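In listed order, ligands and their atoms are each counted from 1. Numbers here simply count residues along the sequence, with the first being 1. This structure is a prediction, so every number in the text was calculated from the model and none was measured.
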Amino acid sequence: MPVILLTGGAGYIATHTAICLLEAGFEVLALDNFSNSQPQALERVGQICGRQVPLVKADIRDEAALERVFSEHQISAVVHFAGLKAVGESTEQPLAYYDNNVAGTVTLCRVMARHGVKQLVFSSSATVYGDARQMPIREDAPRSATNPYGQSKLMLEYILADLQASDPAWRIAVLRYFNPVGAHPSGLIGENPNGVPNNLMPFISQVAVGKRAQLAVFGDDYATADGTGVRDYIHVMDLASGHLKALQYLQQQPGLVAVNLGTGRGYSVLEMIKAFSDINQVAVPYQIVARRPGDIAECYADPSLALELFGWKAERGLEDMVRDAWRWQQQNPDGYCS
Ligand code: NAD
Ligand code: UFG
């Protein structure tokens, strides 16, 4: 039975995707170096799905380790999540980001090619649109980057396009995620950031559960309806099903596609706080502070290409996002160590 390799398989988006793939009848194999995750996350996936996900501890930059994995397993496609993703950290440690994200992906692709595995779903990001002029953002919008993390994703988009152009046997889906939030409805798996969360939703959850005193809202003087930043938050289970659809698409279609995974609807920071506290009946104290450097006013997708090509659209709304994020947080106040 052919196997789908999930690099970064113990991470936030990969664990949710593993559930979708297993439920659709795929065999999966997870590979992770646990630089930002724990093996317990995959044990929880096993609990949800009734069977354990095989797991290899390895680094995507370790070519010999990848060789062994591809020799020992009948891999038919790779969903490549592994990467570092903290924007601020990337400006302090650019080489770590280029090494891990860019060099790691090049190594992975080299091993894939050697083994004739040429189907790849790649985790890109709406960050490749930089400070987009036009909303909603279409896939043909100009691309740019404002930090090393974004640069690494942009470089990889170019590298993968060159690779596919050099050998049409490659089938590649570049998925540009907007803002993934929420958790599996079981509350068994979810987002588990190390230290102080960078992103809005995990920060709100940690304030609500009492781990942090209040949320800092980064600026209320943007050119948006209430002055706070607007983003396209997408439920992680919708994002997960987008990967399943992308894999099914690649089984039918050659070439490279770059596709937005978003809902098409933006919410402001204040709307997110209000939804979280109203729906979950919990207080989220906050204070308006200065803008965060590098932030943009608004960012939301035109998700119509995903519907056209994959037959995919986001099904879950804001209520599901905040309810599921809260269930995960409450059941696991200390993440997978709870
Ligand atoms: P995550 O940190 O939870 O998952 C990434 C996983 O990759 C982690 O388990 C980590 O240990 C692993 N990893 C990192 N470097 C590795 C290496 N060299 N070898 C093996 N494993 C390695 O992050 P996530 O939110 O699940 O993100 C998954 C992917 O999606 C990343 O590429 C990220 O850049 C991209 N992305 C995430 C977001 C977001 O907001 N979460 C938005 C856009 C794009
Ligand atoms: N925000 C706050 N307070 C916080 C955290 C965030 O007010 O403590 C605000 C931000 O200013 C922004 C919004 O909440 O207006 C969302 O911020 P996030 O940090 O959650 O998300 P970003 O849109 O800034 O960036 C995220 C990822 C990027 C990725 C991008 C698009 O961190 O890596 O989504 O996918 F590129």
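Counting only heavy atoms of the protein, atom 20 (O) of ligand 2 lies nearest to L200 N, 2.8 Å. Atom 33 (O) of ligand 2 has as its closest protein heavy atom Y149 CE2, 3.3 Å. When only non-hydrogen protein atoms are considered, atom 12 (C) of ligand 2 lies nearest to R231 NH2, 3.6 Å. Residue, atom and distance of the protein heavy atom nearest to atom 26 (C) of ligand 2 are N179 ND2, 3.7 Å. For atom 17 (C) of ligand 1, the closest heavy atom belonging to the protein is N33 ND2, 3.3 Å. Protein heavy atom at the shortest distance from atom 9 (C) of ligand 2 is V269 CG2, 3.6 Å. Shortest contact from atom 3 (N) of ligand 2 to any protein heavy atom: A216 O, 2.7 Å. Here the heavy atom of the protein found nearest to atom 10 (C) of ligand 2 is D295 OD2, 3.4 Å. Nearest protein heavy-atom neighbour of atom 27 (C) of ligand 2: N199 ND2, 3.7 Å.
Taking a 6.0 Å sphere around CZ of R138, one finds it holds 12 or fewer heavy atoms contributed by other residues, nucleotides or ligands.
Summarising the contacts of atom 24 (O) of ligand 2 with R292, E298, M272, the nearest heavy atom is found in R292. Considering only non-hydrogen atoms, atom 30 (C) of ligand 2 lies nearest to S125 out of A145, C299, G88, S125. Scanning F218, Y286, Y233 for the heavy atom closest to atom 2 (C) of ligand 2 points to F218.
Every residue two or more places apart in sequence or in another chain that forms a side-chain contact (heavy atoms from CB on, under 4.5 Å) with D278 is listed here: K274. In terms of the side-chain hydrogen bond (donor to acceptor under 3.5 Å, both in side chains) criterion, N198 has no residue partners (sequence neighbours excluded).
Those atoms of ligand 1 with a heavy atom of S123 less than 4.0 angstrom away are 29 (C), 30 (O), 32 (O), 35 (C). Short contacts between ligand 1 and I60, defined as distances under 4.0 Å to a heavy atom of the residue, involve ligand atoms 17 (C), 18 (N), 19 (N), 20 (C). Heavy-atom contacts of S37 reach the following atoms of ligand 1: 8 (C), 9 (O), 11 (O) (cutoff under 4.0 Å). Each of the following atoms of ligand 1 lies closer than 4.0 Å to a heavy atom of S35: 10 (C), 11 (O), 13 (N), 14 (C), 15 (N). The S124 neighbourhood of ligand 1 comprises atoms 43 (C), 44 (C), with distances under 4.0 Å to a heavy atom of that residue.
The proximity of Y149 to ligand 1, defined as any non-hydrogen pair under 4.0 Å, is limited to the side chain. Heavy atoms of K153 found under 4.0 angstrom from ligand 1 belong exclusively to the side chain. Counting heavy atoms closer than 4.0 Å to ligand 1, residue A58 contributes backbone atoms (N, CA, C, O) but none from C-beta onward. The proximity of N100 to ligand 1, defined as any non-hydrogen pair under 4.0 Å, is limited to the side chain.
Between Y177 and H243, the ring center distance clears the sub-6.0 Å criterion.
N260 and D302 are not linked by any side-chain donor-acceptor pair at a separation below 3.5 angstrom, with hydrogens and angles left out of the test.
At a 3.5 angstrom cut-off on N or O pairs, F178 counts as close to ligand 2. Annotation: P180 places no N or O atom under 3.5 Å from an N or O atom of ligand 1; distance criterion only. Ligand 1 has no nitrogen or oxygen under 3.5 angstrom from a nitrogen or oxygen of Y177. The shortest N or O to N or O distance between S125 and ligand 1 is not under 3.5 Å. For a threshold of 3.5 Å applied to N or O pairs, the pair formed by M201 and ligand 2 contains no separation below that value.
Y336 does not carry R44 over the face of its six-membered ring by the limits of under 6.0 Å from the centre and within 45° of the normal.
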Checklist entry - Can you check side chain to side chain donor-acceptor pair (under 3.5 Å) on T263 and D232, steps first, answer last? => result CA-CA 6 Å; T263 67; D232 186 339; 2.7 Å; yes

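Between E319 and R323 there is a salt bridge, since at least one side-chain N of the basic residue sits less than 4.0 Å from a carboxylate O of the acidic one.
The shortest separation from a heavy atom of T7 to ligand 1 is not under 4.0 Å, leaving the residue out of contact. Not close to ligand 1: A41, with no non-hydrogen atom less than 4.0 angstrom away.
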